[in-house]
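Before any comments, here is the structure.
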Amino acid sequence: MIVLGLESSCDDTGAAIVIDGRLCSNEVITQMEHSRYGGVVPEVASRLHEQNILPAVRRSLELANVSLDQLSGLAVTVGPGLAGALMVGLNFAKGLAQARGIPLVCINHMEGHLWSNFLERPLQDDDCPFICLLVSGGHTQLWRVDRMGSYRLLGSSLDDAAGEAFDKGARLLELGYPGGPAIDKAAQSGDPNFVEFPRPLAGSAGCDFSFSGLKTALYYQLRRMDPATIASRRQDLAASYQQAVVDCLMDRLRKAVELTGMTRVCVAGGVAANSLLRERLDTWAAADHLVVSYPPQQFCTDNAAMIAMAGHFRLMQGERSPLSSEIKPNLRMDQLATN
Ligand SMILES: Nc1ncnc2c1ncn2[C@@H]1O[C@H](COP(=O)(O)OP(=O)(O)OP(=O)(O)O)[C@@H](O)[C@H]1O
Ligand SMILES: [Mg+2]
């Protein structure tokens, strides 16, 4: 089975080919224009997806050495995400499915992130059940996964997502956009103990997160410092802030493991690319004899490889979506994207 996956939920236009469950190409065109505005501008994102989707599809076919008439199915992100951006991908997929007479399957973007853990190594029966930490620009959630398609929410952020905390923190620190990679880089040469930022909800019952107080603490910390000191201690501030975000993620993840007694953990989403988080996960896994996985760096942020793989799995199970399918900007991971 040859599946073309399409992703356009935010500011990355992606197209990827999966052949019989093996990833054969993955083309991502990232929209750099948004860095001028310090965040994603929905109208600009939709217009750029329109421009980029055909070149991305052509390139993914070329790289996989596949022609359009060889495709057996199409998988496309329908939510969650920006409405106008999602519409570009879905309308393109519908047109192609209609023209080629091939099945279409709608994919939940967050389930796609989860699948990014199984792009280089196929999902095995004994991988389930596990805990999944979804940690991205718009989500910070802990899920119990009993099998692919069966998800139960254990906890989520009560305010900002962790990726958002990185982006807003980087803006305050004048480190640019997207903030996560910028803070990660600046923190490499910084002192993480320079400022003791709060760890909201750490040690609390349950598995919820909170990040907005952390961002406010950074705001007030910067107000207490003069511009010259900020400039000379920017790396230290970034390292201290990053450490606080990662401490919160690790605390809540440990709590989920404690509450469920599970020994397998998958982390997914853009923040899974964070080097300190990855280091902490490795140390924890070794110390507590846990099986912890996170995607290869290039599959943490948005890509179509994860959508094509989720599509392969769902098409193999016989799932099909009608050509009347609509976008679902507020879709949750435990809601079906297919109808
Ligand atoms: N190395 C890193 N360290 C910390 N955060 C990072 C890193 N790399 C990327 N991020 C963050 O990941 C986020 C982007 O991830 P992703 O593309 O999965 O989010 P999204 O698609 O916008 O949101 P969602 O998946 O929730 O709809 C941004 O907030 C970015 O700052
Ligand atoms: Mg995403």
Side-chain angles (χ1 to χ4, degrees), residues 12 23 26 28 30 110 112-121 123 127 130-143 145 154-155 157 160-167 169-170 173 175 178-193 197 199 202 207 209 211 214 235-258 262-303 305-306 309:
D12 292 301
L23 179 65
N26 179 40
V28 182
T30 298
M110 300 319 293
H113 274 303
L114 174 51
W115 274 101
S116 60
N117 274 280
F118 304 102
L119 287 171
E120 293 200 325
R121 132 187 124 72
L123 178 76
D127 282 318
F130 60 87
I131 287 173
C132 176
L133 170 64
L134 280 181
V135 65
S136 56
H139 295 77
T140 300
Q141 299 175 330
L142 278 160
W143 291 89
V145 179
L154 300 172
S157 178
D160 293 351
E164 204 177 343
F166 274 114
D167 293 333
L173 287 166
L175 282 167
I183 289 189
D184 197 344
K185 190 165 168 232
Q188 305 285 332
S189 48
D191 171 9
N193 301 315
F197 286 114
R199 271 61 171 163
C207 299
F209 304 80
F211 293 102
L214 189 49
Q235 276 92 343
D236 300 329
L237 288 160
S240 303
Y241 187 76
Q242 171 178 266
Q243 176 157 274
V245 175
V246 171
D247 277 352
C248 292
L249 292 173
M250 291 303 298
D251 179 85
R252 310 291 56 216
L253 192 47
R254 280 174 189 275
K255 188 73 178 186
V257 165
E258 190 188 307
M262 290 207 182
T263 56
R264 292 173 182 274
V265 171
C266 278
V267 183
V271 180
N274 183 264
S275 46
L276 179 65
L277 178 61
R278 292 162 90 94
E279 199 182 300
R280 289 286 187 80
L281 290 167
D282 290 346
T283 311
W284 179 47
D288 287 17
H289 308 290
L290 301 167
V291 181
V292 177
S293 78
Y294 42 78
Q297 201 83 25
Q298 73 270 30
F299 299 129
C300 289
T301 44
D302 292 349
N303 64 84
M306 64 190 196
M309 194 59 86

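As the structure is a prediction and not an experimental result, all values here were calculated from the model.
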Could you tell me if [Y] and [X] have a donor-acceptor pair between their side chains, going purely by distance under 3.5 Å?
X: Q188; Y: D184; result: yes
X: Q242; Y: N274; result: yes
X: E164; Y: T140; result: no

(message) Is any side-chain heavy atom of F299 closer than 4.5 Å to one of H113?
(response) no

(request) Kindly indicate whether the side chain of L142, heavy atoms from C-beta on, has any atom under 4.5 Å from the side chain of R252. (result)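 L142 vs R252: side chains touch.
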
(request) Report the residues that fulfil side-chain contact (heavy atoms from CB on, under 4.5 Å) with A182, sequence neighbours left out, ordered by chain and then residue number. (result) L175

(message) Checking P181 now: which residues fulfil side-chain contact (heavy atoms from CB on, under 4.5 Å) with it, not counting sequence neighbours?
(response)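 Residues passing side-chain contact (heavy atoms from CB on, under 4.5 Å) with P181: P178.
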
Using salt bridge (charged side-chain N to carboxylate O under 4.0 Å, His left out) as the criterion, list what pairs up with [X], not counting sequence neighbours.
X: D160; result: K168, K215
X: D191; result: none
X: R278; result: none

Do any side-chain atoms of residues 285-292 form donor-acceptor pairs under 3.5 angstrom with protein atoms, and if so which ones, sequence neighbours left out?
residue : atom : partner : partner atom : Å
D288    : OD2  : W284    : NE1          : 3.3

(request) Apply side chain to side chain donor-acceptor pair (under 3.5 Å) to D236 and Y241, showing your working. (result) CA-CA 9 Å; D236 300 329; Y241 187 76; over 6 Å; no

